[in-house]
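Please read all numbers here as calculations on a predicted model, not as lab measurements.
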Amino acid sequence: MRPSRTLVRITLAVVTLLVAGCQRTTIADINADPGRFRDREVTIVGRVVTSFGVLGEGGYEVDDGTGRIAVITTRGVPSEGARVRVTGRVSSGISFAGRNFATYIRETNRHTESSR
């Protein structure tokens, strides 16, 4: 029995939506045009290069091979060298002469793999 064309089209549409929803953003893309990403939720994947925390809050810097960006968290910080997948909202701390400085991500979700 062959699947109907409608079923095939629905399946393709669902798969396309799932793949589009799982797209990652590169740090280079965010740093190149922070205004485009401001207040939008993004997901990045990379290695933690520095981290600091006090009483469960803090920040860390992630390098995905295209650039680095700071991440602010209220859930404790991952250790340096850990590979992380971070989802959060992009914010800019300072704007001057049409340029954004101190672009960062406010973490909403994180998955950490073991460090090497």
Please report the closest heavy-atom contact between [X] and [Y], naming both atoms and the distance.
{"X": "Thr74", "Y": "Glu57", "value": "CA-CG, 4.0 Å"}
{"X": "Ser51", "Y": "Pro78", "value": "OG-O, 3.3 Å"}
{"X": "Thr50", "Y": "Val48", "value": "O-CG1, 3.5 Å"}
{"X": "Glu107", "Y": "Val71", "value": "CB-CG1, 3.8 Å"}
{"X": "Ile27", "Y": "Asp64", "value": "N-OD2, 2.9 Å"}

Would you check if the side chain of [X] reaches a backbone N or O of [Y] as a donor-acceptor pair within less than 3.5 Å?
{"X": "Arg106", "Y": "Ile72", "result": "no"}
{"X": "Arg47", "Y": "Asp63", "result": "no"}
{"X": "Ser79", "Y": "Ala82", "result": "no"}

Paired with Glu41, the side-chain contact (heavy atoms from CB on, under 4.5 Å) test is passed by just one of Ile105, Val90, Thr87, namely Thr87
Which value, rounded to the nearest 0.5 Å, describes the distance between [X] atom [atom1] and [Y] atom [atom2]?
{"X": "Thr66", "Y": "Asp29", "atom1": "OG1", "atom2": "CG", "value": "7.0 Å"}
{"X": "Ile69", "Y": "Glu61", "atom1": "CD1", "atom2": "CD", "value": "9.5 Å"}
{"X": "Ile30", "Y": "Tyr104", "atom1": "CD1", "atom2": "OH", "value": "13.5 Å"}
{"X": "Thr103", "Y": "Arg68", "atom1": "OG1", "atom2": "CZ", "value": "16.0 Å"}

Does Val86 reach the side chain of Tyr60, with side-chain heavy atoms less than 4.5 Å apart?
yes
Among all residues two or more places apart in sequence or in another chain, which pass the side-chain hydrogen bond (donor to acceptor under 3.5 Å, both in side chains) test with Arg40?
none
